[in-house]
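Presented below is the structure to which this report refers.
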2 protein chains.
Amino acid sequence: MNAMAALADPTRREIVEVLLAAPADAGTLAHMFPISRPAVSRHLRVLREAGVVRSEIVAQRRIYHIESAPLKEIDAWMERYREFWTDRLDRLDAHLQKET
Amino acid sequence: MNAMAALADPTRREIVEVLLAAPADAGTLAHMFPISRPAVSRHLRVLREAGVVRSEIVAQRRIYHIESAPLKEIDAWMERYREFWTDRLDRLDAHLQKET
DNA sequence: GTACTATGTAACAATATGGTTACATACACA
DNA sequence: TGTGTATGTAACCATATTGTTACATAGTAC
């Protein structure tokens, strides 16, 4: 659940959104943000260490990809309590679908 | 999406789990954790300011409750990308249920 | 009013976070 | 081999976070 801390930062959340659309190399990611390249590099490291992304080396480039497991883990945490914030109609619906 | 930062801390996540089971007053919450009462009080403040919890005053007690909106917001963020980490079988299942 | 209870805040210290610039490393290619 | 390109790391700084203890505030109850 370390991934939650990784996603607490808005820049890192944006990086994840970009990578969910398509893999990208560090340089491309870097110039999408108004901070220095090393700053982005470190955000990538935090994401990497949390297991949220993985990098693949292609020549001098590092192509970053999303790793789904940690996102799944957060999703599973939410899942346990989802019924709490889902309103009754939605819950009924979910129940009926489970019955099908 | 400030709620994500609030939930980044493991103690606060535990507090949320406790409150999802049932509302509780500050003192009760405080002695569930191995840190001082003021430390818990401040965690509650962070959760309050992120809108994750709300407190109701009853005599000298503050009863804390979960506020569902911020959790819903995180859930919605996940929702946008859920299909990415859901395996194909699950996706097919979801699709068929939607058709029903 | 006084004493007790519950809780938030202030002040402080230690550590973590997120940014910067300068530097190191490694591959590509003429 | 030498030069340019891509990227991570080191050193540093400012600010935020999280804990502590001491104190303030507010309600209860005799």
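To find a chain, count down the sequence lines: A is the first, B the second, and so on, and within it residues start at 1.
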Completion exercise
Rounded to 10°, the angle between the first-five-pair and last-five-pair axes of the helix from C:dG1-D:dC30 to C:dA30-D:dT1 is 20°
Practice task
Specify the closest pair of heavy atoms between A:Ile74 and B:Met4, including all atoms of both residues, with the distance to one decimal.
Solution key: CD1-CE, 4.4 Å
Handout entry: Rounded distance (nearest 0.5 Å) linking atom CD1 of B:Ile66 with atom CZ of A:Phe84
Key = 6.0 Å
Problem - Interatomic distance, A:Phe33 CZ vs C:dG19 P [rounded to whole Å] - result: 11 Å
Exercise for the section: Quickly work out the A:Leu47 CG to C:dT17 P distance and round it to whole Å. Expected result: 13 Å
Atom pairs, protein N/O to nucleotides 1-6 of chain D N/O, distance under 3.5 Å:
unit_1	atom_1	unit_2	atom_2	d
D:dA6	OP1	A:Arg61	NH2	3.2

Exercise for the section: With heavy atoms under 4.0 Å as the rule, sort A:Tyr64 into base, sugar-phosphate or nothing. Expected result: sugar-phosphate
Practice task
Please answer whether the main-chain N or O of A:Ala30 pairs with a side-chain N or O of A:Arg37 as donor and acceptor at a distance below 3.5 Å.
Solution key: no
Enumerate all atom pairs, one protein N or O and one N or O from nucleotides 14-20 of chain D, separated by less than 3.5 Å.
unit_1	atom_1	unit_2	atom_2	d
D:dT18	OP1	B:Asp9	OD2	3.2
D:dT18	OP2	B:Arg12	NH1	3.0
D:dT18	OP2	B:Arg12	NH2	3.4
D:dG19	OP2	B:His43	NE2	2.4
D:dG19	N7	B:Arg42	NH2	2.5
D:dG19	O6	B:Arg42	NH2	2.8
D:dT20	OP1	B:Ser36	N	3.3
D:dT20	OP2	B:Ser36	N	2.8
D:dT20	OP2	B:Ser36	OG	2.4

Practice task
Report yes if a side-chain nitrogen or oxygen of A:Ser41 is closer than 4.0 Å to either non-bridging phosphate oxygen (OP1 or OP2) of D:dG8; otherwise report no.
Solution key: yes
Exercise for the section: Please answer whether the main-chain N or O of A:Ala6 pairs with a side-chain N or O of A:Arg12 as donor and acceptor at a distance below 3.5 Å. Expected result: yes
Practice task
Ignoring hydrogens and angles, tell me if any N or O in the side chain of A:Arg13 forms a donor-acceptor pair with the backbone of A:Leu7 under 3.5 Å.
Solution key: yes
Problem - SB check B:Glu49 B:Arg45 (cutoff 4.0 Å) - result: yes
Problem - Length of the line joining B:Ile57:CD1 and D:dT25:P, which is rounded to integer Å - result: 16 Å
Exercise for the section: For A:Leu19 and A:Val52, run side-chain contact (heavy atoms from CB on, under 4.5 Å): C-alpha distance rounded to whole Å, both residues' side-chain angles, the deciding distance at 0.1 Å, then the answer. Expected result: CA-CA 10 Å; A:Leu19 294 180; A:Val52 175; over 6 Å; no
Completion exercise
Note: B:Met78 and A:Asp75 closest approach over all heavy atoms is CE-N, 3.6 Å
Problem - Same cluster (ILVMFWY, side-chain, under 4.5 Å), A:Ile63 and A:Phe33 - result: no
Exercise for the section: Please report the C-alpha distance between A:Leu71 and B:Tyr81 in whole Å, then the side-chain angles of each, then the deciding distance to 0.1 Å, and finally whether the side-chain contact (heavy atoms from CB on, under 4.5 Å) criterion is met. Expected result: CA-CA 9 Å; A:Leu71 295 177; B:Tyr81 306 113; 6.0 Å; no
Handout entry: From CA spacing to verdict: side-chain contact (heavy atoms from CB on, under 4.5 Å), A:His43, A:Ile35
Key = CA-CA 11 Å; A:His43 280 306; A:Ile35 56 178; 3.9 Å; yes
